Student: 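Mind looking over this structure? Questions follow.
Residue numbers start at 1 and run along the sequence shown. Just so you know, these numbers come straight off a predicted model, no measurement behind them.
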Amino acid sequence: MAAQKVTLRKMTPSEYDMATEHREAETARELGTFMPEEPARERARRGTAQFLPDGVDTAGHHLVVAENGSGEAVGNAWIGPDPRQVSGTAGAAWLYDINVLPQAPGIGS
């Protein structure tokens, strides 16, 4: 199988909204295994507000879309500073979220 290359670009506001909705729903689903649904959804929303107060334009965070050679979105990711490090220290990044879109060509083949 030949390796496929992707190009990363900044998310648009509408892509950010869709990615956030997906991430919060997944977080709430996972939290829902040990807490009621509504508190789980609220906790997911609070996490977004805490870590991404300015949405796609939050300083130090990179919210990107991966596109294949045809320019089709095949995934997205949220990369930012390691939350365990003291503010202002460099040298590490944290992969908060990564998704391969289900309609991405070649997935599952």
Student: Quick one: closest heavy-atom pair of Ala40 and Gly32, and the distance?
Tutor: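 Shortest heavy-atom separation between Ala40 and Gly32 comes out as CB-N, 4.1 Å.
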Student: Among Asn99, Leu101, Val100, Val6, exactly one meets side-chain contact (heavy atoms from CB on, under 4.5 Å) together with Val74. Which residue is that?
Tutor: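 With Val74 as partner, Asn99, Leu101, Val100, Val6 yield a single side-chain contact (heavy atoms from CB on, under 4.5 Å), made by Val6.
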Student: Are the side chain of Asp54 and the backbone N or O of Asp57 linked by a donor-acceptor pair below 3.5 Å?
Tutor: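 Not at all, since once roles are kept as given, no pair shorter than 3.5 Å links the two residues.
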Student: Carefully, step by step, assess Lys10 and Val64 under the rule side-chain contact (heavy atoms from CB on, under 4.5 Å).
Tutor: CA-CA 4 Å; Lys10 183 177 178 177; Val64 297; 5.7 Å; no
Student: Could you grab the distance from atom NZ of Lys5 to atom OG1 of Thr7, nearest 0.5 Å is fine?
Tutor: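 Rounded to the nearest 0.5 Å, the NZ-OG1 separation comes to 9.5 Å.
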Student: Trp78 vs His62, test: side-chain hydrogen bond (donor to acceptor under 3.5 Å, both in side chains). Steps then yes/no.
Tutor: CA-CA 6 Å; Trp78 169 17; His62 305 280; over 6 Å; no
Student: Listed by chain and number, what are the side chain to side chain donor-acceptor pair (under 3.5 Å) partners of Glu15, not counting sequence neighbours?
Tutor: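 Expected list: Arg9, Thr12.
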Student: For a side-chain contact (heavy atoms from CB on, under 4.5 Å) check, start with the C-alpha distance between Tyr16 and Leu52, then their side-chain angles and the critical distance, and finish with the verdict.
Tutor: CA-CA 11 Å; Tyr16 171 80; Leu52 295 169; 3.8 Å; yes
Student: Below 4.5 Å, heavy atoms only, C-beta onward: do Tyr96 and His61 meet side chain to side chain?
Tutor: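 In contact.
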Student: Quick one: does any side-chain atom of Thr20 pair with a main-chain N or O of Asp17 as donor and acceptor, under 3.5 Å?
Tutor: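 No.
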Student: Looking only at heavy atoms, which two atoms of Ala44 and Ala28 are closest? And how far apart?
Tutor: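 Heavy atoms of Ala44 and Ala28 come nearest at CB-N, 4.3 Å.
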Student: Is there a chain of hydrophobic side chains (I, L, V, M, F, W, Y, each step under 4.5 Å between heavy atoms) that links Ile79 to Val56?
Tutor: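 No, Ile79 and Val56 fall in different hydrophobic clusters.
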Student: Can you give me the closest heavy-atom contact between Met11 and Ala19, atom names plus distance?
Tutor: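 Answer, listing the atom of Met11 first, then Ala19: CE-CB, 3.7 Å.
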Student: For a quick test of reading the model, state the closest non-hydrogen atom pair linking Pro39 to Pro36 and the distance between them.
Tutor: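 Closest approach of Pro39 to Pro36: CD-O, 3.2 Å.
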Student: Taking side chain to side chain donor-acceptor pair (under 3.5 Å) as the definition, give me every residue that meets it alongside Arg45, ordered by chain and number, with sequence neighbours left out.
Tutor: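 Expected list: Glu38, Glu42.
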Student: Mind checking the CG-CD spacing from Leu31 to Glu26? Nearest 0.5 Å is all I need.
Tutor: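 The CD atom of Glu26 is 11.0 Å from CG of Leu31, to the nearest 0.5 Å.
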Student: Could you report the tightest heavy-atom contact between Val65 and Ala73, atom names first, then the distance?
Tutor: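 Distance-wise, the nearest heavy atoms are CG1-CB, 3.7 Å.
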Student: How many angstroms lie between CD1 in Ile98 and CG in Asn76, if you round to the nearest 0.5 Å?
Tutor: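 Output value for this atom pair is 8.5 Å.
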